[in-house]
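None of the values given here were measured: they were computed from a predicted structure.
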Amino acid sequence: MSTSDSGVTVRIGQDPAADADFIDDFATMSTFGATAAGGVERQAATEADAENRRWLATWLEERGFTVAYDRIGNMFGLYELVPGAPYVLAGSHLDSQPRGGRFDGAYGVLAAAHTMDRLRRYYVANPDRAVYNLAVINWFNEEGSRFKPSMQGSGVFTGKIDLQSALDTTDTAGVTVADALGELDMLGDGDVFTTGEHHTPGGLSVASYAEIHIEQGRELDKAGVLMGVVPSTWGANKYEISVIGAQSHTGATAIADRQDALYGAAKAVVALRELADEYGDDLHTSCGQLNVYPNSPVVVAREVHMHLDLRSPSDDLLDEADAKLNRAFAEIEVAADVQIERRFAHTWKGHTYQPEGVALAEDVIDALGHSHMQVRTRAGHDSTNMKDIVPTVMLFIPSVDGVSHAENEYTHDQDLTAGVDVLTETVARMAEGRL
């Protein structure tokens, strides 16, 4: 690194050794929970997730970072440059979907770790340049596959999810978040950082946040563009519903006498798809999880639990689609002779990231000579929560064919390492107070 005439830290030329180190570390990290088809299975607070966390903790501690956990299991690697100053955070999540991809989330955590280590060495050699301290963050349970909702760690961190409610959340086997993290000795007894109304004197504070992620879409890949800068998010409504019927014999019970919860659930799935077809590309809907009880081949289902979501770039459209879905539920209750109960809602509105952060990232990418475009994120990320409390930068690199949440997820090595370079320069400017 060196300093340009404008006083901004920039990286000159390529560093093949640093790039090779990153690829080697990523290959090692991808062995934790590896699947035969090339993906990973390390849902939150499972042993595979814990093995990955332990490896990262050792990696950070060997480089002088202090590792700490907060009360919801978020994992921090802290390096103090300016005593008493706030911290610039960067990271993502290590947990995966069942048989998920090895890049989703995990790339952003390792990119942040390498970024902060590069900057640690640079600012130790140039101590007068840093304004803020450095921290790597691995958010707990971003995926929401084992414990719902998603983005749980950052939700608690930003005050959007109640801590005790999160700790009491259970998986399908009845294991709570608190018990799962406690078994792994990865549950802190206090807050590492205090934010907003939870800030206490002497507590560590956050100056800004940066996150890099594979796009989880095809825009960059189709356009042949290296970097995406996120200006805003889609809004989302996520629901857990129960369709309640009556258990009976599949052979003996007349069709007209049945209260078939699975039939009602099937009509709900179709109603979701018809909503998406009605609005076109402006609305995404899905049923991502469906559990049938008693799930016997000769029993009419008495109950179905479902996880549904609606996403849109328009908050008004999202509200309109939500109202239509409610009307569809009422019609399904009559047609299938069932009851539909909403048991949980997790929502967020579409919001913009700070324009200053978008401009900063675009300046960095231009300085490094890479192509870029703005990409609005349809998926939720931890930055979706963080942007509401501190200045936040969200970056994307391409995912081949836009594949995500699947074992065949893939991003080229040169895109991975270029993304680390961009993140490094972005965080450097943030650490020097330029955001």
Verdict with reasoning, Thr347 to Asn237, per side chain to side chain donor-acceptor pair (under 3.5 Å):
CA-CA 4 Å; Thr347 67; Asn237 289 359; 4.7 Å; no

For the ring pair [X] and [Y], is the centre-to-centre distance below 6.0 Å?
X      : Y      : result
Trp59  : Phe65  : no
His412 : Tyr410 : yes
Phe76  : Phe193 : yes

Under the side-chain hydrogen bond (donor to acceptor under 3.5 Å, both in side chains) test, which residues partner Asn138, sequence neighbours left out?
none

Hey, is [atom1] on [X] packed in by over 12 heavy atoms from elsewhere, all under 6.0 Å?
X      : atom1 : answer
Asp185 : CG    : no
Glu278 : CD    : yes
Arg342 : CZ    : yes
Asp24  : CG    : yes

So do Asp277 and Arg273 actually touch side chain to side chain, heavy atoms under 4.5 Å?
yes

Side-chain heavy-atom pair Met75, Leu56 within 4.5 angstrom cut-off:
yes

Residue pair [X] / [Y], side-chain donor-acceptor N/O under 3.5 Å:
X      : Y      : result
Asp382 : His93  : no
Asp366 : His372 : yes
Glu432 : Tyr123 : yes
Gln97  : Gln43  : no
Asp388 : His351 : no
Ser312 : Asp282 : no
Thr115 : Thr424 : yes
Gln289 : His307 : no
Asp179 : Thr176 : yes
Ser92  : Glu211 : yes

Closest approach of Thr384 and Tyr353, non-hydrogen atoms and distance?
N-OH, 3.7 Å

Nearest heavy-atom approach of Met151 to Gly380 is SD-C, 3.7 Å

Can Phe22 and Leu110 be said to form a side-chain contact (heavy atoms from CB on, under 4.5 Å), step by step?
CA-CA 8 Å; Phe22 178 84; Leu110 190 63; 3.6 Å; yes

Would a distance-only check, ignoring hydrogens and angles, find a side-chain to backbone donor-acceptor pair under 3.5 Å from [X] to [Y]?
X      : Y      : answer
Ser96  : Gly100 : no
Arg120 : Tyr79  : no
Asn74  : Phe140 : yes
Glu409 : Phe103 : yes
Gln354 : Lys387 : yes

Salt bridge (Lys or Arg N to Asp or Glu O under 4.0 Å) partners for Asp319, two or more places apart
Lys349

Please determine whether a side-chain nitrogen of the Lys or Arg among [X] and [Y] lies less than 4.0 Å from a carboxylate oxygen of the Asp or Glu.
X      : Y      : result
Glu407 : Arg99  : yes
Glu274 : Lys324 : no
Glu51  : Arg42  : no
Arg118 : Asp421 : yes

Only pairs at least two apart or in different chains count here, so list each ring-ring contact (aromatic ring centres under 6.0 Å, His included) that has a residue in residues 375-398.
His213-His381, His381-Phe396

Full working for side-chain contact (heavy atoms from CB on, under 4.5 Å) between Val177 and Asn141
CA-CA 10 Å; Val177 166; Asn141 189 36; 5.6 Å; no

